[in-house]
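The chains referred to below are lettered A, B, ... by the order of the sequence lines, with proteins before strands, and numbering in each begins at 1.
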Amino acid sequence: MLLRYQRSVAVSATYPPGAPMIPVCPTTALPPGEAIRVEATEPIAVFNVDGDFYAIDDTCTHQDASLADGWLDGCAVECPLHASCFDLRTGKVSGPPAKTPVRTHRVVVQDGTVYVQPGTAADGAA
Amino acid sequence: MRRTVAVVGASLAGLSAARALRAQCYDGRIVVIGDEAHAPYDRPPLSKEFLAGRASLADIALGTPDDTDLDVEWRLGTTAVGLDHLDRSVRLADGSEVRADGVVLATGARARRLSGSEGLRGVHVLRSLDDAVALREDLATAAHLVVIGAGFIGAEVASTARTLGLEVTVVETQPVPLAGPLGADMGAVCAQLHADHGTRLLVGSGVAGLVGTGRVEAVELTDGTRLPADVVVVGIGATPNVEWLADSGVALGNGVLTDARCATSIPGVVAVGDCAAAWSTSRERHVRVEHWTHALEQPATAVATLLGTDRPAPTPVPYFWSDQYGARIQFAGSRREDDEVRVLEGSRADRSFLAVYERHGDPVAVLGVDQPRLFTRWRRQLRTAVLTHS
Ligand SMILES: Cc1cc2nc3c(=O)[nH]c(=O)nc-3n(C[C@H](O)[C@H](O)[C@H](O)COP(=O)(O)OP(=O)(O)OC[C@H]3O[C@@H](n4cnc5c(N)ncnc54)[C@H](O)[C@@H]3O)c2cc1C
Ligand code: FES
């Protein structure tokens, strides 16, 4: 079940603001164009866009689709259900049916491992 | 003088047309006329979350704060009753007129009713917010629901009613439900969802009539069977709202007939969404599509036609979804009767699979049940294939 592991990581903790960083996976486990879901109380999706990593809330603000299942196009991810697009840098939604942005989370890469810091908006996020 | 565009129909296609007008730099007046009193709202939740009581009116509103920038004059609660093709004026039921340089027809469709059901309480169709509110109230005190028609809306209502604890029977005339959109094989697989969740499905059963005085008591089938019912939902398809155009000179068939770019037979008048039947080059006939994504995306093409600007190509790969019994059914592409269907991933027995429809070995459509990730990739691939072939 290697594929399954690569697509989703389980994390038991919830995340208050300023929470510690959560290790997600080795950078090699998340190739460009791929996404991984971090299964926290409020799941987070981490994306690799041509070597740059981004993290946003995994659950679409329209219904309960997982954005890690979506389609990555540059810095935008298209929701797999009804195709609203979210900007990975800002969390902003570009078009209906979703009406509200998703939260972004800071990503840090250290010693070949991808970490997210939940509750800390990415630099430049709305 | 400022130019005016009149949009008739204030729902998904109408609102999308107003958005597309501004996005394509039209700076004239936009008047949107809608016969419902409500601001534009989303219909798919009416058979799902909204009917189940899990979504509010605010949740299903289509408008966003950004839409105030559209600077639209809304004429809600007003029915358009005629269109004069000479000066493109739209006549309204209150006797007034909106004279326009361009007109977008977006009047959608209405649910077909069962003849003989008029005035019988407990019998519902589901198309509008008002329908959904009335049905929700009636389901709250009911024990037995009979759904006539096992299409998408019938199946979704049945599924929602099960979550509300009702006993549900679905009656379908055809031998296999959903065979039209999905093909017999896959239609049968999806229809199994009913049995999985304790809904009784009767196929190949004609409805002879409804029994009851004042309030419905049962549905009588052609073989004489009587199915007791506190509530009946009729889900037997929809009819385009085009009668009001009968004297306008706009060519009508099964909907407003348009070319592939949404132009009607009258210059300056375009038609979009559920009310329109656009020419399909690949199928060599007019096709009326009744799906959400189509009503969202097609107006960009219609508006470009109206403004005479660069015309974005119409969406090459049709897409729709349905949520039933917690399963996500997604379909994209164009299926024909003799296409071969192959399950590539998952299994029918688990009701979680991805099936591809092939014609002469080429993929032409894809069906996913609870496979959003794979489905999205296949949908993209079909889109790329269509774009490179056309
Ligand atoms: C219960 C339900 C569930 C659905 N679920 C799904 C789904 O899961 N997935 C999917 O892909 N699609 C779904 N659909 C289909 C989707 O909602 C439609 O394709 C879409 O609403 C079409 O938009 P439209 O704007 O063309 O037409 P409509 O939404 O029908 O809007 C037309 C509007 O014009 C108004 N109007 C009509 N005549 C006049 C007149 N003469 N003057 C003024 N106004 C007028 C109507 O009252 C209406 O408000 C569902 C539809 C329903 C009803
Ligand atoms: S669930 Fe994401 S757009 Fe609908």
With a 4.5 Å heavy-atom cut-off, do [X] and [Y] have their side chains touching?
{"X": "B/Gln330", "Y": "A/Leu81", "result": "yes"}
{"X": "A/Gln63", "Y": "B/Asp323", "result": "yes"}
{"X": "A/Pro96", "Y": "B/Thr64", "result": "no"}

Nearest 0.5 angstrom please: [X] [atom1] to [Y] [atom2], how far?
{"X": "B/Arg328", "Y": "A/Asp69", "atom1": "CZ", "atom2": "CG", "result": "10.0 Å"}
{"X": "B/Arg380", "Y": "A/Asp73", "atom1": "CZ", "atom2": "CG", "result": "6.0 Å"}
{"X": "A/His82", "Y": "B/Phe320", "atom1": "NE2", "atom2": "CZ", "result": "12.5 Å"}

>> For a salt bridge (Lys or Arg N to Asp or Glu O under 4.0 Å) check, start with the C-alpha distance between B/Arg377 and A/Glu34, then their side-chain angles and the critical distance, and finish with the verdict.
In response: CA-CA 12 Å; B/Arg377 273 141 191 79; A/Glu34 286 297 315; 5.3 Å; no
> Which heavy atom of A/Ala83 sits nearest a heavy atom of B/Arg379, and at what distance?
Replying inline: CB-NH1, 4.3 Å
> Do you know the tightest heavy-atom contact between A/Lys99 and B/Asp59?
Replying inline: NZ-O, 3.5 Å
>> Between B/Ala55 and chain A, with a heavy-atom cut-off of 4.5 Å, which part of the residue counts as in contact: side chain, backbone, both or neither?
In response: neither
> Around A/Asp50, counting heavy atoms of other residues, nucleotides and ligands shown, do more than 12 lie under 6.0 Å from its CG?
Replying inline: no
